[in-house]
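In what follows, a structure is listed as structure tokens, so that the remarks can point back to it.
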Amino acid sequence: PHGKPLRYDGENLHLEPEIEEIATFYAAKLGTEHAKKKTFNQNFFADFKRAMRKHNSKYSGIIKDFKKCDFSVIRAHLDAVKAQQKDMRPCERKAIREAEAARVAKYQVAIVDGREEKVGNYRVEPPGLFLGRGEHPLAGKVKRRILPEDVTINIGEQETPPECPLPGHRWKKIVHEHSVTWLAFWRDSITSGFKYVWLGAGSAFKGMSDHSKFEKARKLHGVIGHVRAEYRRAWKSKDLSEQQRAVATYLIDVLALRVGNEKSEDEADTVGCCSLRFEHVKLERPSTLRLDFLGKDSIRYVNSVSVDPAVFACLQRFLNGKKNGDDVFDLVTVTSLNDYLRGFMDGLSGKVFRTYNASVTLDRLLQDTAGRDRVV
DNA sequence: CGAAAGACTTGGAACAATCTTC
DNA sequence: GAAGATTGTTCCAAGTCTTTCG
């Protein structure tokens, strides 16, 4: 606790440590794009008030209006701390850095099947405000502190579990799972999703996985002709769901779209191929498809492409009678699409097309470069 | 069977380090 | 040697997809 006050309606309020910490999370985000968003501020303030009630803060009844909160004193303190660190002499900075490196060294390696491997993320995520990307409905909520009681450790039966770093605490559970590659996990307090501790990118597990990914893409090269012939045929199918599946596969193949799994209400409204809606698609005669949607990370995808006339006709049919909010591919699910793709080749799924597409592109660029006698 | 759980990859943002440039 | 540009690294949100469950 730094003891710096929150100014509220002109008064200096010295908050209890738990409350002060949350106010400090917000102060750190002052001036960023996040703090300009209504959802972010609303979610933050709701959690801030909830924390005051939970900790029986004496300010619970006082701090009622976000607009009267002034975090600038706390912010000035954060800025001062940062400036102080910046002003430190280089040798002093180096000493601190080296001491920290020595402290964490033992957490950065794991022995796997007798080999020493680097651990990727050996720290749990610190508490703070959930940021999110795009218009995320949970942005600004307080991400709580992870304690040893939240963490499950995966280790060999014969091995001694790592010592719990917090005195008086203990790990949630010690397990011995041989079929997975994670070393530990906890649940995220915002999304309730799983957060894992993995080995580093240079580890055998990650390397093998990466290798098999590219081998899959290479194998796709052998059957891509068959896949294309098959979906072209299915554009003319009498079965509308087969038609939809064939057009979706075509878009994933030629535009390298992501498949687009379903998302919940608690996430940003973004889409991929299978979740494209009426409003994301425009058809311009004679055969131009215009796509405009927010994809992964709420990044806008805008593209106008000339498509095969048969695809154009299919899309006209799919959109017929639909309105904003309706799925373009209402008869296709990601699962059904991937089941169909697996029929062509073991392990084939939508995302393999992206790896394939990128690999073919890189290969072509390398060929061009090699042709001009360049060293690569 | 659809939904939820679970495990893994992907990739942007934030931050840190280093490299110009004046 | 400060400031700004560039590059590298870490963090963690946001995807994919298979397996398990009710």
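Atom set for the values below is all heavy atoms of this structure, side chains included, hydrogens, waters and symmetry mates excluded. Chain identifiers are assigned alphabetically (A, B, ...) following the order of the sequence lines, protein sequences preceding nucleic acid strands; residue numbering begins at 1 within each chain.
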Base, sugar-phosphate or nothing for [X]? Non-hydrogen atoms, less than 4.0 Å.
{"X": "A:Thr191", "value": "nothing"}
{"X": "A:Gly120", "value": "nothing"}
{"X": "A:Gly295", "value": "sugar-phosphate"}

In whole angstrom, what separates [X]'s [atom1] from [N]'s [atom2]?
{"X": "A:Leu183", "N": "B:dC8", "atom1": "CG", "atom2": "C1'", "value": "14 Å"}
{"X": "A:Trp198", "N": "B:dT10", "atom1": "CH2", "atom2": "C1'", "value": "13 Å"}
{"X": "A:Lys195", "N": "B:dT9", "atom1": "NZ", "atom2": "C1'", "value": "15 Å"}
{"X": "A:Lys143", "N": "C:dA14", "atom1": "NZ", "atom2": "C1'", "value": "13 Å"}
{"X": "A:Lys296", "N": "C:dC17", "atom1": "NZ", "atom2": "C1'", "value": "13 Å"}
{"X": "A:Tyr356", "N": "B:dT9", "atom1": "OH", "atom2": "C1'", "value": "21 Å"}
{"X": "A:Leu138", "N": "C:dC12", "atom1": "CG", "atom2": "P", "value": "17 Å"}

Measuring to OP1 and OP2 of [N], would you say a side-chain N or O of [X] lies under 4.0 angstrom away?
{"X": "A:Thr335", "N": "C:dC17", "value": "no"}
{"X": "A:Lys263", "N": "C:dG15", "value": "yes"}
{"X": "A:Asn261", "N": "C:dG15", "value": "no"}
{"X": "A:Thr333", "N": "B:dG2", "value": "no"}
{"X": "A:Lys206", "N": "B:dC8", "value": "no"}
{"X": "A:Asn121", "N": "C:dC11", "value": "no"}
{"X": "A:His34", "N": "B:dA14", "value": "yes"}
{"X": "A:Ser349", "N": "C:dC17", "value": "yes"}
{"X": "A:Arg97", "N": "B:dA16", "value": "no"}
{"X": "A:Lys351", "N": "B:dT9", "value": "no"}

*On the 0 to 90° scale, with breaks at 30° and 60°, tag the A:Phe48-A:Phe71 ring pair as parallel, tilted or perpendicular.*
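It falls in the tilted class, 30° to 60°.
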*When the nearest nucleotide of DNA chain B is assigned to A:Asp297 and to A:Ser209 on a heavy-atom basis, which residue is associated with the more 5' position?*
A:Ser209
*Taking for each residue the nucleotide of DNA chain B with the nearest heavy atom, is it A:Lys29 or A:Arg354 whose nucleotide lies nearer the 5' end?*
A:Arg354
Side chain of [X], heavy atoms from C-beta onward: which of [options] has the nearest atom to it?
{"X": "A:Arg133", "options": "C:dC17, C:dA14, B:dT9", "result": "C:dA14"}
{"X": "A:Phe130", "options": "C:dG15, B:dA7, C:dA14", "result": "C:dA14"}
{"X": "A:Val180", "options": "B:dA17, B:dA7, B:dG11", "result": "B:dA7"}
{"X": "A:Ile299", "options": "B:dC8, B:dG12, B:dT10", "result": "B:dG12"}
{"X": "A:Arg258", "options": "B:dA17, B:dC8, C:dG15", "result": "C:dG15"}
{"X": "A:Lys213", "options": "B:dT10, C:dA14, B:dA7", "result": "B:dT10"}
{"X": "A:Phe194", "options": "B:dC8, B:dG12, B:dG6", "result": "B:dG6"}
{"X": "A:Trp182", "options": "C:dG15, B:dT9, B:dA7", "result": "B:dA7"}

*Would A:Arg187 count as a cation-pi partner of A:Phe194, with NZ or CZ less than 6.0 Å from the six-membered ring centre and within 45° of the ring normal?*
yes
*asked:* Go through it in stages, so that I can follow the logic: the residues are A:Val259 and A:Ile252, the test is side chain to side chain contact (heavy atoms under 4.5 Å, CB included), and I'd like the CA-CA distance, side-chain angles, deciding distance and then a yes or no.
replied: CA-CA 7 Å; A:Val259 290; A:Ile252 286 168; 3.8 Å; yes
*Any chance you could lay out the side chain to side chain contact (heavy atoms under 4.5 Å, CB included) test for A:Tyr59 and A:Leu6, step after step, and finish with the verdict?*
CA-CA 11 Å; A:Tyr59 302 110; A:Leu6 169 74; over 6 Å; no
_Can you confirm whether more than 12 heavy atoms, excluding those of A:Asn324, are under 6.0 Å from its CG atom?_
yes
*Flag yes if more than 12 heavy atoms outside A:Arg115 fall under 6.0 Å of its CZ atom; otherwise flag no.*
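Counting neighbours around CZ of A:Arg115, more than 12 heavy atoms of other residues, nucleotides or ligands fall under 6.0 Å, so yes.
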*Could you please spell out the steps behind the side chain to side chain contact (heavy atoms under 4.5 Å, CB included) verdict for A:Phe293 and A:Arg277?*
CA-CA 9 Å; A:Phe293 61 89; A:Arg277 299 192 302 262; over 6 Å; no
